[in-house]
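Below is one structure, written out as structure tokens; the observations come after it.
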Amino acid sequence: MDILKAMEERHSVRAYTDKPIEGDTLSRLQKAVARANAESGLHIQLVLNEPKAFDSRMAHYGKFSGVKNYIALIGKRGGDLEEKCGYYGEQLVLYAQTLGLNTCWVALTYKKIPEAFTVEKDERLLMVIAVGYGANPGKPHSGKNYDEVAKPSDAPNWFKAGVDAALLAPTALNQQKFSFTLKGNKVQAKTKFGTCVKTDLGIVKYHFELGAGKDSDIWI
């Protein structure tokens with residue numbers, strides 16, 4: 001499965017089987033985490049066989065079950081931490097989908113287990129991503145259309161493809177509080193006030209780049 005196909009087929013999954021992540025799949029995922037850290041300067045960590053984080057009242061309220069593995073998004077405190085975690089976290093989410101794994105972004109409905117990961121004094125655990133073999137593939141949710149999040153309407157095909165890809169991105173509460181504006185050959189991405197919107201912005205910018213076939217130089 002290529003990354004664009006993974007984008008179309010990936011949906012949030014909250015229930016997981018007992019099948020462990022191991023062998024070549026585990027090795028590939030660990031290498032992807034290492035690459036993301038090397039490129040971003042983040043301190044992302046893959047936590048395996050740790051059920052306590054999702055065995056709490058909050059997790060049950062969030063309807064999670066069987067979660068024993070997760071990706072802890074950790075990095076140095078600073079103004080760009082949230083957007084950076086969104087960008088590189090979604091990079092790992094889509095890569096995990098190509099490996100046959102399922103995922104779910106989790107901001108609040110989990111319990112922090114300090115011994116499960118390392119957070120240095122100048123760092124912050126932003127959120128986690130549940131990962132594993134889903135009991136189901138998840139299901140798509142309705143969302144906004146192109147004209148609600150982008151302008152102009154007569155933009156070039158690469159811009160439209162980028163926006164369409166961004167509309168497939170997961171956002172907190174499915175709020176999709178982002179917008180894209182074409183300014184010459186550059187793109188301005190903005191977000192409105194809301195829950196986890198800076199993280200969402202990183203997620204949708206990664207999707208936009210994939211759909212548009214551009215790299216990070218596209219942004220204003």
Side-chain angles (χ1 to χ4, degrees), residues 1-14 16 19 21-42 44-46 69-73 75 82-106 126-134 136-141 143-146 149-150 155-172 174 176 178 180 187 189 196 198-219:
M1 182 189 301
D2 66 28
I3 203 74
L4 293 176
K5 186 67 173 178
M7 188 190 305
E8 296 174 357
E9 294 189 359
R10 185 266 166 194
H11 307 297
S12 295
V13 171
R14 293 172 180 256
Y16 292 81
K19 183 179 180 180
I21 303 174
E22 56 189 6
D24 185 60
T25 299
L26 175 58
S27 177
R28 288 171 180 264
L29 186 57
Q30 289 172 326
K31 288 178 181 178
V33 170
R35 286 195 300 269
N37 283 333
E39 184 175 326
S40 66
L42 294 170
I44 301 170
Q45 295 159 53
L46 176 61
N69 313 298
Y70 51 91
I71 298 167
L73 298 175
E82 293 169 77
E83 183 175 328
K84 190 180 288 186
C85 281
Y87 186 95
Y88 286 96
E90 185 64 8
Q91 188 178 100
L92 293 172
V93 160
L94 293 182
Y95 184 70
Q97 185 74 24
T98 70
L99 297 177
L101 298 169
N102 301 102
T103 53
C104 185
W105 284 85
V106 191
L126 182 67
M127 59 180 68
V128 304
I129 301 168
V131 60
Y133 293 96
N136 58 71
K139 57 184 180 180
H141 297 279
K144 295 180 179 179
N145 58 44
Y146 176 94
V149 301
N157 288 337
W158 65 263
F159 179 82
K160 292 181 177 179
V163 174
D164 287 342
L167 288 168
L168 294 174
T171 58
N174 197 35
Q176 296 185 305
F178 57 83
F180 296 100
V187 179
C196 301
K198 291 182 180 179
T199 305
D200 288 348
L201 188 62
I203 294 172
V204 300
K205 286 173 77 171
Y206 181 63
H207 271 242
F208 184 99
E209 290 175 16
L210 290 176
K214 304 290 183 179
D215 58 28
S216 58
D217 289 339
I218 193 67
W219 306 112

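Numbers here are sequence positions counted from 1.
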Could you pull out the closest heavy-atom pair between [X] and [Y], with the gap in Å?
X: I71; Y: L46; value: CG1-CD1, 4.0 Å
X: A165; Y: G211; value: CB-CA, 3.7 Å
X: V13; Y: G138; value: CG2-N, 3.6 Å
X: L92; Y: I44; value: CD1-CG2, 4.0 Å
X: A166; Y: V204; value: CB-O, 3.9 Å
X: L42; Y: G75; value: CD2-CA, 4.0 Å

Is any side-chain heavy atom of [X] less than 4.5 Å from a side-chain heavy atom of [Y]?
X: H141; Y: P170; result: no
X: K198; Y: L201; result: no
X: V106; Y: Y70; result: no
X: T199; Y: W105; result: yes
X: L73; Y: I129; result: yes
X: Q97; Y: V93; result: no
X: W158; Y: V187; result: yes
X: K205; Y: E83; result: yes

Say you draw a straight line from [atom1] of [X] to [atom2] of [Y]; how long is it, rounded to the nearest 0.5 Å?
X: Y16; Y: L101; atom1: OH; atom2: CG; value: 9.0 Å
X: L94; Y: M1; atom1: CG; atom2: CE; value: 10.5 Å
X: I3; Y: H207; atom1: CD1; atom2: NE2; value: 8.5 Å
X: N136; Y: N102; atom1: CG; atom2: CG; value: 7.5 Å
X: N69; Y: K19; atom1: CG; atom2: NZ; value: 12.5 Å
X: L126; Y: K84; atom1: CG; atom2: NZ; value: 12.5 Å

Worksheet item: Under 3.5 Å, side chain of S40 to main-chain N/O of A36, donor-acceptor pair present?
Response: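 Side chain of S40 to backbone of A36, a donor-acceptor pair under 3.5 Å: yes, one is there.
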Worksheet item: With distance as the sole test, does D200 use its side chain to make a donor-acceptor pair with the main-chain N or O of A172 at under 3.5 Å?
Response: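 Side chain of D200 to backbone of A172: a pair is present.
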Item to complete: Mind running side-chain contact (heavy atoms from CB on, under 4.5 Å) on F178 and L167 for me, showing each step along the way?
Response: CA-CA 9 Å; F178 57 83; L167 288 168; 4.1 Å; yes
Practice prompt. Not counting sequence neighbours, which residues clear ring-ring contact (aromatic ring centres under 6.0 Å, His included) with Y87? List them please.
Written response: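 Applying ring-ring contact (aromatic ring centres under 6.0 Å, His included) to Y87 gives Y206.
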Worksheet item: With sequence neighbours excluded, what pairs up with F208 under the ring-ring contact (aromatic ring centres under 6.0 Å, His included) test?
Response: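 Listed in chain order: F159, F180, W219.
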Item to complete: Check the surroundings of atom NZ in K160: do more than 12 heavy atoms from other residues, nucleotides or ligands lie under 6.0 Å from it?
Response: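 Atom NZ in K160 is packed in, count exceeds 12.
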Fill in: Salt-bridge contact K5-E9 (side-chain N to carboxylate O under 4.0 Å)
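Yes, K5 and E9 are salt-bridged.
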Worksheet entry | Contact list for residues 210-219, test salt bridge (charged side-chain N to carboxylate O under 4.0 Å, His left out), sequence neighbours left out |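 Non-adjacent pairs meeting salt bridge (charged side-chain N to carboxylate O under 4.0 Å, His left out): zero.
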